[in-house]
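In each ligand, atom 1 is the first atom listed, and ligand 1 is the first ligand listed.
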Amino acid sequence: MNGDHVRLTTSLPTEVIRCHEAELSLGALLRGWRGRALLTQEQLAQRTGLNVRTVRRLEHNVLRQPRITSILLLAEALELDGEERAMLAAVARGPAASPEHVDLEETCPAVTVPRQLPADVAAFVGRKRELTALSDYQNTNTATVVAIDGMAGVGKTALAVHAAHLLSSRFSDGQLFVNLHGHTREMTPVDPRDALARMLRALGIPDDRVPGHIDDRAALYRSVVADREVLIVLDNAADEDQVRPLLPAGPGCLVIVTSRRRLIGLDDTRTLSLDVLPMEEAVALFTRTAGREHVVDAPAGVLTETVERCGQLPLAIRIAAVRLQAHPTWGVRHLLDRLNDDRLSELTTGRHSVTAALDLSYQRLSEDQRRVYRLLGSQAGTEFGVDEVAAVQHTTVVRARRQLDQLLDVHLLQEPAPCRYRFHDLVRDHVSALLHRTRCEAARANSA
Ligand SMILES: Nc1ncnc2c1ncn2[C@@H]1O[C@H](COP(=O)(O)OP(=O)(O)OP(=O)(O)O)[C@@H](O)[C@H]1O
Ligand SMILES: [Mg+2]
């Protein structure tokens with residue numbers, strides 16, 4: 001998603017849009033996209049800054065032609081792609097409008113005191129220890145940098161955004177939020193040079209004053225924020241090299257970085273490694289997301305077993321709960337049966353999927369790391385030590401330890417005891433499915 005200004009210029013042929021218009025009302029489109037984004041009406045209202053009543057009226061087609069700035073905010077909050085933005089703009093402007101030239105950039109004023117935080121997670125649960133740690137960090141002579149790491153879908157962004165909302169009143173010069181797209185489908189990680197340009201623009205520097213060279217950009221950025229109190233969230237970082245140029249120097253700034261990778265190569269950075277939710281909080285997240293009415297009849301044991309099958313991973317819990325909500329006839333027992341049957345297939349809804357999230361982590365590995373990941377997945381044991389891994393590979397203990405540490409750093413492995421390694425349940429399922437896929441492809445290639 002492209003920061004502060006979004007150009008909604010349609011590229012779809014008029015007939016295609018008219019055809020969709022005939023089938024789809026604005027309300028139906030918004031309801032569908034909101035469901036896909038796993039948002040409630042309240043969350044969408046909060047994320048867009050619109051009144052929740054306005055959201056409801058739009059979804060029920062009571063309000064049919066929203067203001068153009070509202071369309072822009074909705075498109076941003078629902079993370080629509082180019083075609084969807086075009087469709088939204090065309091449907092919202094009604095049949096008389098010409099969809100070819102809907103340009104919203106002109107209507108969007110320049111931002112000088114940034115307030116870029118996305119909406120807080122409405123039903124945020126737990127993480128008390130981490131929130132206390134985040135609010136206690138305070139350096140006196142340099143910027144404070146806290147890096148939150150953890151496996152895919154563990155709740156890094158949710159925690160960073162929640163903490164940033166809680167702390168925002170301490171930062172009178174605003175808040176910056178940059179998605180660095182370290183692990184986003186069909187997107188390469190953001191070049192820090194581009195990130196700097198966007199941050200400078202958000203801080204009020206006109207485009208023609210942004211220097212070309214990355215070092216000059218970083219220096220100007222540090223100068224601009226040197227005497228300001230700014231809270232900066234760098235979400236979804238790929239690695240240390242991407243983050244380093246974006247770090248301010250002045251003591252008034254707090255930077256919260258999230259990454260699937262442990263960013264141990266950043267100097268003077270505190271790290272917070274996030275684990276899956278404890279059982280009680282996992283059940284609370286499931287209940288709040290599904291709605292109490294959908295779980296009220298379920299025995300406590302079935303609820304705990306269900307979130308256990310989700311590996312107590314927030315992403316998986318949210319998806320399972322949304323599926324239950326979308327199928328009122330199911331009941332928690334039925335959902336659990338389905339999870340027991342084939343949980344990775346079950347843990348998919350719209351664009352959100354545990355498999356897709358883990359695939360992205362896998363794709364970011366080097367060839368050698370992928371090979372080791374698959375090799376470990378093919379071992380029968382649930383836990384393994386360095387010696388066993390070295391023996392299977394006919395390699396040295398030193399090399400095996402380095403390989404295991406690399407998978408540990410990107411949270412595809414866990415270390416439950418010193419030098420003992422294991423997969424999270426869902427990661428084990430992922431690697432098994434991957435091996436199955438690889439074997440089928442090889443068999444097909446051999447028989448061709
Ligand atoms: N503590 C929490 N309370 C409520 N919801 C949460 C919490 N933690 C995570 N979630 C929800 O779980 C889902 C996954 O969380 P999130 O996107 O923050 O994970 P992530 O670790 O940032 O994933 P990724 O590695 O893909 O960036 C989201 O829908 C989020 O709102
Ligand atoms: Mg995230």
Can you confirm, on distance only, whether ligand 1 has an N/O atom lying under 3.5 Å from any N/O atom belonging to [X]?
X	answer
Ala158	yes
Gly155	yes
Leu38	no
Thr157	yes

Between Arg422 and Thr382, do the side chains contain a donor N or O and an acceptor N or O under 3.5 Å apart? no
Min heavy-atom dist [X] to ligand 1 below 4.0 Å:
X	result
Gly153	yes
Ala123	yes
Val154	yes
Gly126	no

Heavy atoms, side chains only, cut-off 4.5 Å: are [X] and [Y] in contact?
X	Y	answer
Thr54	Leu63	yes
Val389	Leu376	yes
Val230	Gln175	no
Val121	His162	no
Asn236	Thr184	yes

With a 4.0 Å heavy-atom cut-off (strictly under), which part of Leu285 contacts ligand 1: side chain, backbone, both or neither? side chain
Test of understanding: given a 4.0 Å heavy-atom threshold, classify the contact between Arg260 and ligand 1 as side chain, backbone, both, or neither. side chain
For atom 10 (N) of ligand 1, which of the options Ser361, Pro314, Ala357 provides the nearest non-hydrogen atom? Pro314
Judged by heavy atoms only, the candidate from Ile317, Val125, Thr289 nearest atom 1 (N) of ligand 1 is Val125
Do [X] and [Y] sit within salt-bridge range, that is, some charged N less than 4.0 Å from a carboxylate O?
X	Y	value
Asp207	Arg201	yes
Arg401	Glu415	no
Glu346	Arg338	yes

Sole residue of Leu176, Leu180, Val190 in side-chain contact (heavy atoms from CB on, under 4.5 Å) with Leu246: Leu180
If you count the non-hydrogen atoms of other residues, nucleotides and ligands that lie under 6.0 Å from CD in Glu441, is the total more than 12? yes
Considering residues at least two apart in sequence or located in another chain, which fulfil the ring pair (Phe, Tyr, Trp, His ring centres under 6.0 Å) criterion with His60? none
Which residue holds the protein heavy atom closest to [atom], what is that atom called, and what is the gap in Å?
atom	result
atom 13 (C) of ligand 1	Leu315 CA, 3.9 Å
atom 31 (O) of ligand 1	Val121 CG2, 3.8 Å
atom 29 (O) of ligand 1	Arg318 NE, 3.3 Å

Is the Lys NZ or Arg CZ of Arg420 less than 6.0 Å from the centre of Phe384's six-membered ring, within 45° of the axis? no
Distance filter under 4.0 Å to Lys156 heavy atoms, resulting ligand 1 atoms: 18 (O), 19 (O), 20 (P), 21 (O), 22 (O), 23 (O), 24 (P), 25 (O)
Ligand 1 atoms in contact with Ala152 (distance to a heavy atom under 4.0 Å): 25 (O)
Provide the protein N, O or S atoms situated under 2.8 Å from the Mg ion (ligand 2); waters are not included. Thr157 OG1
Working to the nearest 0.5 angstrom, can you tell me the gap between Tyr421 OH and Leu413 CG? 8.0 Å
